[in-house]
Amino acid sequence: MISKSPFKRLWWRLETPVGQTLLWSIVVFAYLFLHAPTIIVMGASLNASSQYGAISFPPTTFTLARYWEIPASQFHSILLSLKLAFLSATVGVLLGVPAAFGLVRSKLPGKGLLAAIFRAPLQIPTVVIGITFLQLVYAVGDALDLDLSGSFVGLAVAHCFVATPYVVGAVTAILQRFDGRLEEAAASLGATPLRTFRRVTLPLIMPGLYAGALYAFMVSFGDVPISIFLSAPGYMTYPVEIFMGLEQNFSPTILASATLVILFCFALMLFVQRVVGLETLLRIGGTGRR
Amino acid sequence: MASVTLRGVSKSYGDVAALEPLDLEIKQGEFVTLLGPSGCGKTTTLRLIAGFLKPSQGRILFGGDDVTELPPHRREFGMVFQDYALFPHMTIGENIAFGLVERGRPKAEIDARVRELLQLIQLKDVEKRYPTELSGGQQQRVAVARAVAHSPQVLLMDEPLGALDLKLRESMQYEIRSIQQRIGITTVYVTHDQTEAMNMSDRIAVMNKGRLEQIGSGVDIYQRPSTRFVADFIGQINLVSAITAGPGLETSSVTIAGRNARIAKTMMPGLPITIGIRPEQIALRRADESIASGDNALPGKVASRQFSGNVMKIWVDVGLQEPIMLDFPPRAAPPEPGDAVAISWPVDGAVVLPE
């Protein structure tokens, strides 16, 4: 195995005790660097001596008390954030997939300009988007004589706006590499265009679709700069809630709820990777066609 | 099974004609190859038959049915693509079953048919594997099985062996041909490889610049090419300019490089023509040896030679623009460059091509 590696000489050196120690220190350091914040949050949430206004790590006395103390408002905001994130991913897929097909497959003149417009939300600073949507919400509210500020609709529209380009991007990338003859092959075997899409095109663009949806989900779920303009008491996303909480009075319950969210996200990632991600990606990657 | 008929089928993009009006009749169970260099219109023709392209003019018939207006999925055919185009997310079994599933056949029938086809292509144990786990040759066979699984009327193949190496290509030629004959399916095959066309086809349609140049059996187009392009494209040939001198009973005399020769065709005198002579038709003698009576002969000098295994290729300068190439049997002692020699060929060993 090792002798086949292009890094044969390097490996030979790394196999010495010194090399091994060095290698492992680098690996451990890299993982620590990436995961230290998560580990500290999770550890501190279990620490009985974590008090208002102070994080204490490593834990000295363990307790689950913080988890029982999480106020209802945090659960509300987590629920709101999850709703928004699922909605953004869903709307992102519903709008982004057809858009990607149009951008790649249509013979429309000015496709380049369209593609740039679809990318625009990624290039505008999110704070600007936040302010823009705040103005929009006021304007629409005035025109329709409704109060939309701090409403779910306002948040949802803004989140979908920033999330959709991620789906467009991911699906466009995979469609550009798509071998059109697979669809011709399906047609030659008697599949209608709809059946061809169902049985051939869709399964093959699934990795792009999932990747895009996952990005959309994460962008929406983690957003502060946009949501902060559109949130109101009672309609506060989880990141905004934490942000506010940290500014006003730091409660260790935030550590506890954050830990729950981290675990949930971790489970979600595992699920996506298990069910759809790796397997599909590997199989399709193997064909390696233009 | 059905015949395939093209009536005045043409395809143009704006002012550019990809295919000039083409009439072609492929008989039931026949294996016809469309042969030509890239850009000759062979792939366009195949894609028109498949329905991936709409003809600018003309009608396409499968059996007696006009399918010109039908989309691909409603024409009954199977297709093998270059690089196979197997569905990467489906197992080999699912790939082969695709056409049957689309036709809503019962599961038991599909399973039986898949097993039967895997037997036919001699790949019994790959049903649960994925295409990327198979070698090129194996994928190729699966592609054939998938294309014929739903028992289509017509099988279309677009350079299916292009991606394989030479040895494998030869054995696959034999294999595809034998599968085709066993199920007796009408087949249109596209290739730019003349050896492949010769090995496999009942008839070959030679195409060039969007036109059909000649259609006939391999023997026909090799021995009796009807155009200069066909003569030049198929195998090797010496093309010699000549002027007709006078008609005889079944032959005419012509002038080649200032000397008299005869051709096996009656023609008016004074016409410029091109004579094609295959290298294997030409015999070589030393200048002082006698020539078989009745054969055409030209004196010349050996210009160069090249050993290529089964024959020695010799180029003889006979005073024409280009030297004449011939195949010299390797058992005899070959002449040296510069030797004075004479070449000869039988009167019916040359073809007359329109200028």
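The sequence lines fix the lettering, A, B, ..., with proteins before strands; numbering per chain opens at 1. The figures here come from the full heavy-atom set of this structure, side chains too, leaving out hydrogens, waters and symmetry mates. Everything quoted here is computed from the prediction, not taken from an experiment.
- For CZ of A:Arg105, the number of neighbouring non-hydrogen atoms (other residues, nucleotides, ligands) closer than 6.0 Å is greater than 12.
- In this structure, CZ in B:Phe52 is found 10.5 Å from CD in A:Glu183, a value given to the nearest 0.5 Å.
- The environment of B:Glu133 atom CD is dense: over 12 non-hydrogen atoms of other residues, nucleotides or ligands sit within 6.0 angstrom.
- Within a 6.0 Å sphere centred on CZ of A:Phe133, heavy atoms belonging to other residues, nucleotides or ligands number more than 12.
- Note: B:Phe87 CZ to A:Arg199 CZ = 7.5 Å, rounded to the nearest 0.5 Å.
- Contacts between B:Arg146 and chain A at a heavy-atom distance below 4.5 Å involve backbone atoms as well as side-chain atoms.
- Once rounded to the nearest 0.5 Å, the distance linking CG of A:Leu189 with CD of B:Glu102 reads 8.0 Å.
- Side-chain contact between A:Pro193 and B:His73: present, with at least one pair of heavy atoms (C-beta onward) separated by less than 4.5 Å.
- Within 6.0 Å of CG in A:Leu34 there are more than 12 heavy atoms belonging to other residues, nucleotides or ligands.
- A:Ala185 and B:Ala85 get closest at one heavy-atom pair: CB-O, 4.0 Å.
- In this structure, B:Arg177 places its CZ atom where more than 12 heavy-atom neighbours from other residues, nucleotides or ligands lie under 6.0 Å away.
- Within 6.0 Å of atom CZ in B:Arg74, 12 or fewer heavy atoms from other residues, nucleotides or ligands are found, so the atom counts as exposed in its surroundings.
- B:Asp125 CG: 12 or fewer foreign heavy atoms inside a 6.0 Å radius.
- When side chains are defined from C-beta on, A:Leu182 counts as touching B:Pro88, because their heavy atoms get closer than 4.5 Å.
- The backbone N or O of B:Gln82 lies less than 3.5 Å from a partner atom in the side chain of A:Arg181, making a donor-acceptor pair.
- Interatomic distance, OG of A:Ser188 versus NE2 of B:His150, reported as 6.5 Å (0.5 Å rounding).
- Proximity to chain A involves both the backbone and the side chain of B:Phe77, based on heavy atoms less than 4.5 angstrom apart.
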